[in-house]
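All remarks here apply to the structure that follows.
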Amino acid sequence: MHLAVALPATGGGASRSGARPDAAADFAALARLARTAERGLFDFVLLDEGLRLPEHRGRVDGLAATGRAQALTVLGALAAVTEHVGLAAAADAAFHEPYELARRLATLDHLSGGRTAWHLVTTADARTGDNFRRDGSPDPAARQPRAAELVAAARRLWDSWGPDGSARPFVHHGTHFDIAGEFTLPRSPQGHPVVIRSGDGDEDREAAAATADVLLTRHAPPEAARALADGLRRRLAAHGRDPADLRIMPRITVVLGDTAAEARERAAAFARRRITPRRAIRALERLWGADLSAYDPDGPLPETDPRPGQPPGPDGAAQRADAVARAEKWRALSKEKGLSIRQTVIEARGWPSFAGTPDAVAAQLEAYVRQDAADGFTLLPDPVPVPFLGPGPGHDGGTADGCGGLDEFVDRVVPLLQERGLFRAAYAGATLRSHLGLPDPAGPPGKPTRTTDPTRTTHSARTTHSARTTDSVRTTDPARTAGSVRTARKEQHP
């Protein structure tokens, strides 16, 4: 099993209520989260990047307007305070050129010892382009082709140095990019940074099957997740790739309790915190494309359909059809269960993904992996870690020791996954590709070698390690890195 965690840079991985405006640039808090992930032996941490403040009805959304730091810069700093955990940064294909981005990613890959990943995103918001150029975003129809060519060009640059460490000229003539010259960096320790894609649409899956090493998907029930995984494997074969060349890691939220009843209570509180009455109306307005501020969040859904031409966006017709279809699903859900607007939004969002005792959650995660419905999971921790919170009731602006749901998951669920033979007892390699067990593009041309995946060993070998690891993973000092964990393990088990 593979594990990642999304750092709360833009609010996507955590409840944003009360988040400080400068939270995304709070290095001490981000470093603590990264070290906690490393203490838990996670494959990588993911830092998404918001290129424009979130808007609602043409204005900056005051409920979600937290600052958004440049992801690669932040990860460069995190590389200095971590040793093993992978570092994944989002970079939008619409607003980068191959040479510039390939050089920045290769630099971080060298500085981190081969731990870098590129989360390749393709924005669907035409307004984001206004921050970069007068003519806004590229043609929506060109988003995926541009992204695919950007990956191909970047890999050509990374491959341009010879095995003897000498620079060789590169040439790339394509539809979107036409470049030639010499790249300024030799191969990094893992050959190429890992490429991550995300999305649940047909285009997203096809793009991932063609070019990605990791795919982040929305959480789905086991049967639907298995069907998605099977479909992706067929797509991989069509592109001449091995099924093991792509790791499928759904995004999940987890709520734990000492008993099932406590977990249900915490899950209900989790959902209410995520979807306040104002947020419920905002969600409804985004879907309906209209001012619904007069509606009672504890009342019924609107009887009208989403407005023609709404919501605005580059894919107008498709988005309108999708909005009407989603509105019908919400109405059916509300009617079936007798739900209010707020309750419907909470139910439709499906938060949290898993709620239960640590044993129950570990068993559910195991079932997904054993059934080949997922290769691992990307944890969206909640609530917002205390260091990210501003002054207000119930917290002191960031001086408390809490680390949100990540500490709890690392201390209570990871040891159980190890005992079940699902998760590593220690990092077996130095690079992110070795963590993920991905092919090594630094091998001989045309013959990529596969790195060892430490989670795909025999059951008996994993069980032997798991009993040794539990105590060392349950470290009480959140600043301890994986290196200190391994030192403690060595002292306890000579």
Side-chain angles (χ1 to χ4, degrees), residues 2-14 19-20 22-49 67-90 105 108-109 111-119 190 193-194 196 214 216 249 251 376-389 398 400-411 413-414 423-424 426-427 429-432 434-436 473 475-486:
H2 302 282
L3 293 175
V5 59
L7 302 183
T10 63
R20 292 184 358 238
D22 64 345
D26 187 335
F27 180 70
L30 289 166
R32 187 171 187 280
L33 284 167
R35 289 185 182 121
T36 300
E38 187 164 73
R39 179 168 64 86
L41 305 175
F42 276 46
D43 292 65
F44 62 89
V45 297
L46 171 66
L47 192 62
D48 280 328
E49 182 174 60
R68 298 177 173 213
Q70 206 285 325
L72 276 169
T73 303
V74 173
L75 293 186
L78 290 179
V81 297
T82 57
E83 297 180 37
H84 302 284
V85 70
L87 305 167
L105 288 164
L108 181 58
D109 214 25
L111 293 176
S112 65
R115 295 187 284 137
T116 301
W118 168 21
H119 181 200
Q190 63 174 347
V194 170
I196 301 172
V214 177
L216 309 181
M249 300 180 64
R251 292 183 171 101
F377 303 92
T378 302
L379 184 67
L380 308 179
D382 198 279
V384 171
V386 172
F388 287 89
L389 296 175
D401 292 332
C403 196
L406 182 57
D407 261 328
E408 190 174 30
F409 187 91
V410 166
D411 291 335
V413 178
V414 167
F423 195 59
R424 63 176 61 89
Y427 287 112
T431 69
L432 178 54
S434 68
H435 302 344
L436 291 166
V473 170
T475 178
T476 57
D477 180 1
R480 292 181 68 181
T481 63
S484 60
V485 172
R486 288 197 307 277

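In this structure, F42 CZ and F377 CZ are separated by 11.5 Å, a value rounded to the nearest 0.5 Å. Rounded to the nearest 0.5 angstrom, R115 CZ and L108 CG are separated by 8.5 Å. To the nearest 0.5 Å, atoms CG (L78) and OG1 (T73) are separated by 11.0 Å. Here M249 contributes atom CE and L436 contributes atom CG; the two are 6.5 Å apart, rounded to the nearest 0.5 Å. To the nearest 0.5 Å, the span separating CZ on R39 from CG on L406 amounts to 8.0 Å. Rounded to the nearest 0.5 Å, atoms CG (L33) and CG (L47) are 10.5 Å apart.
Residues V414 and L41 have side chains not in contact (no heavy-atom distance under 4.5 Å, counting atoms from C-beta outward). You'll find the side chain of I196 reaches within 4.5 Å of the side chain of F44, heavy atoms only. Between R424 and H2, the closest side-chain pair of non-hydrogen atoms falls below 4.5 Å. Between E38 and V81, the closest side-chain pair of non-hydrogen atoms is not below 4.5 Å. Between V5 and F409 there is no side-chain heavy-atom pair separated by less than 4.5 Å.
Nearest heavy atoms, H435 versus D43: O-OD2, 3.2 Å. Here the shortest heavy-atom pairing between L432 and T116 reads CD2-O, 4.0 Å. Residues A71 and D48 approach most closely at CB-O, 4.4 Å, considering heavy atoms. Of all heavy-atom pairs between S112 and A79, the closest is CB-CB, 4.0 Å. A89 and L72 make their closest contact through CB-CD2, 3.8 Å (heavy atoms, listed as atom of the first residue, atom of the second, distance). Of all heavy-atom pairs spanning A77 and F27, the tightest one is CB-CE1, 3.3 Å.
Between Y427 and H84, the two ring planes are parallel [angle under 30°; tilted spans 30° to 60°].
The side chain to side chain donor-acceptor pair (under 3.5 Å) check on T378 picks up nothing, with sequence neighbours excluded.
Under the side chain to side chain contact (heavy atoms under 4.5 Å, CB included) test applied with V45, the options L379, T36, T82, L87 reduce to a single match, L87.
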